[in-house]
Asks: 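One structure is given below, represented as structure tokens, and several questions about it will come after.
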Number of protein chains: 2
Amino acid sequence: MDRQFAGIFSEAFMILIGLYYLRLMYENFQRYIDERVALCDAESKLVRSVAVIKKIRKRQYLLQEGDVWKYDAFVSSGCLRTYSINEKGSEHIIGFSIENWWCGDRESLLSGEPSRFNIDAIEDSELVMFTHTNFEMLCREIPAFNQMVNNILNKSFITQQNRINASLSNTAEEKYLNFVKKYPEFALRVPQNMIASYLGITPETLSRIRTQTARNKG
Amino acid sequence: MDRQFAGIFSEAFMILIGLYYLRLMYENFQRYIDERVALCDAESKLVRSVAVIKKIRKRQYLLQEGDVWKYDAFVSSGCLRTYSINEKGSEHIIGFSIENWWCGDRESLLSGEPSRFNIDAIEDSELVMFTHTNFEMLCREIPAFNQMVNNILNKSFITQQNRINASLSNTAEEKYLNFVKKYPEFALRVPQNMIASYLGITPETLSRIRTQTARNKG
DNA sequence: GAAAGCAATTGATGTAGATCAATCAGCCTT
DNA sequence: AAGGCTGATTGATCTACATCAATTGCTTTC
């Protein structure tokens, strides 16, 4: 009897912990939204009602090449990478996503074609996801939400433009130094070989660049 | 008396020709819109009422580094390039815009900061331009217009994503062959040295690639 | 706590593509 | 028709970065 009680208790406890975590994970997204737009109570509830929370472990795939991507996904904690694999079998990292970034393959999402990219977790991660249908509904129903999404898209566009410019104009060393300046968080969390891949250089070259610049600084 | 009449006549004639051209230039934009959205008469007129038509000559600047870009610009004929100049003084072409493309510097437009890019005409060109304030008004007043703009932005984002992927994954030759496949119009109209700059290779390398691939095809 | 993976470093060597330089061809100008 | 630009081609050489290979220090795993 005692034991049974303990069992029930611990089960209930686990459920509570589970709910608590879910709340935490969503709260980060809530905060992100609140910082950007002022939603009324009904609107907030609408958003919350279609949000799906997903946890994925380090090394786990969120998307595999060949699959169709159907979500809009917000990273509430952790870190993921989006990358392609070319015919020669080498990986090239298109982008990283940490807390408060979005991730996914927009091309596959909008075209309905299978993705040419892979996305996997570099750290255990937590996501707030929306099916694209729901996401479009939110954009339609909540103009301010739509406006926010638009801003994000605009910013991403600009970021990519700058990355293209950098890839054309800069040497390997310049690319790395600019990267560190622009994304110091990444430089600390992401393994060096992945940063190299993102910059379009080999891990060996990046290692040499680092020892050289460190030497020059004294 | 005769001569004076001839003068007036020819002047009126020139004005008519001028008006005719303006109509033509705008018509291309009108067609572009009509292919994408169904606007009612009042909406079409609203768009037309804030459109400004601009002609620029080959080699003329549309935007110079350091200036703030304030427009949304549609290319109704001709061809332009957007490029940056790095500290070493070398030019790098970020993008080309031909008929039915848009051009400008979104970063400067949205941030209000001076642009780091130059835009000039590769051919005599005709543009339909909107001040950003007017353009935002159109997006606000005409939901379908807003939707169209959003689609364009999404597509541009995807295009850039793919360009980044190509720049990381492909050899110079692959980049060129993909470029020709994807944008055959450009390959014909744009001088080779500019294509090289766009691809991030030197004109010499591009020339060698071309002779080699031609030889291989027999 | 040994074994197995994985990431980073360092060295030796290779190469795609850059740079430098000269020539050539097609133009616009006068 | 002649000179002057601009862009393309070709050759010789150079170099930034890649590739290959070995070593070392880690985490992860059983």
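Keep in mind that what you see is a predicted model, and the values were worked out from it rather than measured. Each chain gets a letter, A, B and so on, in the order its sequence line appears, and its residues count up from 1.
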Asks: Given side chains that start at C-beta, do those of A:Met194 and A:Phe96 come closer than 4.5 Å, heavy atoms only?
Replies: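 When only atoms from C-beta onward are counted, A:Phe96 and A:Met194 do touch, with a gap below 4.5 Å.
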Asks: Kindly assign one of parallel, tilted or perpendicular to the pair A:Phe74 and A:Tyr32, based on the angle between their ring planes and the thresholds 30° and 60°.
Replies: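 Because their plane-to-plane angle lies in the 30° to 60° range, the rings of A:Phe74 and A:Tyr32 count as tilted.
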Asks: Within residues 171-186 of chain A, find the residues that approach DNA chain C with a heavy atom at under 4.0 Å, and present them sorted by residue number.
Replies: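 Contacting residues: none.
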Asks: Find the distance B:Arg57:CZ to C:dC28:P and express it as a whole number of Å.
Replies: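 B:Arg57 atom CZ is separated from C:dC28 atom P by 15 Å.
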Asks: B:Glu123 pairs by side-chain hydrogen bond (donor to acceptor under 3.5 Å, both in side chains) with which of B:Arg59, B:Arg57, B:Arg189?
Replies: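 Running side-chain hydrogen bond (donor to acceptor under 3.5 Å, both in side chains) over B:Arg59, B:Arg57, B:Arg189 with B:Glu123 returns exactly one hit, B:Arg189.
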Asks: Would you call B:Ser115 and B:Asp67 a side-chain contact if the rule is heavy atoms closer than 4.5 Å?
Replies: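 No, their side chains stay 4.5 Å or more apart.
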Asks: If the helix axis at each end comes from five base pairs, how far does the helix from C:dG1-D:dC30 to C:dT30-D:dA1 deviate from straight, to 10°?
Replies: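 The angle separating the two end axes equals 50°.
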Asks: Report yes if some heavy atom in the side chain of B:Ile33 is under 4.5 Å from a heavy atom in the side chain of B:Phe145; otherwise report no.
Replies: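 A side-chain contact under 4.5 Å exists here.
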Asks: Check for me whether the distance between the ring centres of B:Phe130 and B:Phe29 falls short of 6.0 Å.
Replies: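 Distance test on ring centres: under 6.0 Å, yes.
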Asks: Just wondering, do B:Lys70 and B:His132 contact through their side chains at under 4.5 Å, heavy atoms?
Replies: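 With C-beta onward as the side chain, the pair stays apart.
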Asks: Can you give me the first and the last nucleotide of DNA chain D (5' to 3') that has an atom within less than 4.0 angstrom of a non-hydrogen atom in chain B?
Replies: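 Span of nucleotides near chain B: D:dA8 to D:dA12.
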Asks: Indicate yes or no for a side-chain donor-acceptor contact from B:Arg36 to the backbone of B:Val149 under 3.5 Å, with no hydrogens or angles considered.
Replies: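 Pair absent, no side-chain N/O of B:Arg36 close to backbone of B:Val149.
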Asks: Would you verify whether the NZ or CZ of B:Arg48 falls within 45 degrees of the ring axis of B:Tyr26 while also being under 6.0 Å from that six-membered ring's centre?
Replies: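 Judged by the rule, B:Arg48 and B:Tyr26 form a cation-pi pair.
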Asks: Would you list the pairs meeting salt bridge (Lys or Arg N to Asp or Glu O under 4.0 Å) in which at least one residue belongs to residues 87-98 of chain A, sequence neighbours left out?
Replies: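 Only A:Arg81-A:Glu91, A:Lys88-B:Glu174 qualify under salt bridge (Lys or Arg N to Asp or Glu O under 4.0 Å).
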Asks: Using the ring-ring contact (aromatic ring centres under 6.0 Å, His included) criterion, which residues pair with A:Tyr83? Sequence neighbours excluded.
Replies: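 A:Tyr83: no ring-ring contact (aromatic ring centres under 6.0 Å, His included) contacts found.
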Asks: Is A:Asn118 close to A:Ile85 at the side-chain level, that is, under 4.5 Å between some pair of heavy atoms?
Replies: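 Yes, close enough: below the 4.5 Å cut-off.
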Asks: Specify the residues of residues 191-210 of chain A, ordered by number, for which at least one heavy atom lies under 4.0 angstrom from an atom of DNA chain C.
Replies: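 The answer is A:Pro191, A:Gln192, A:Asn193, A:Glu204, A:Ser207, A:Arg208.
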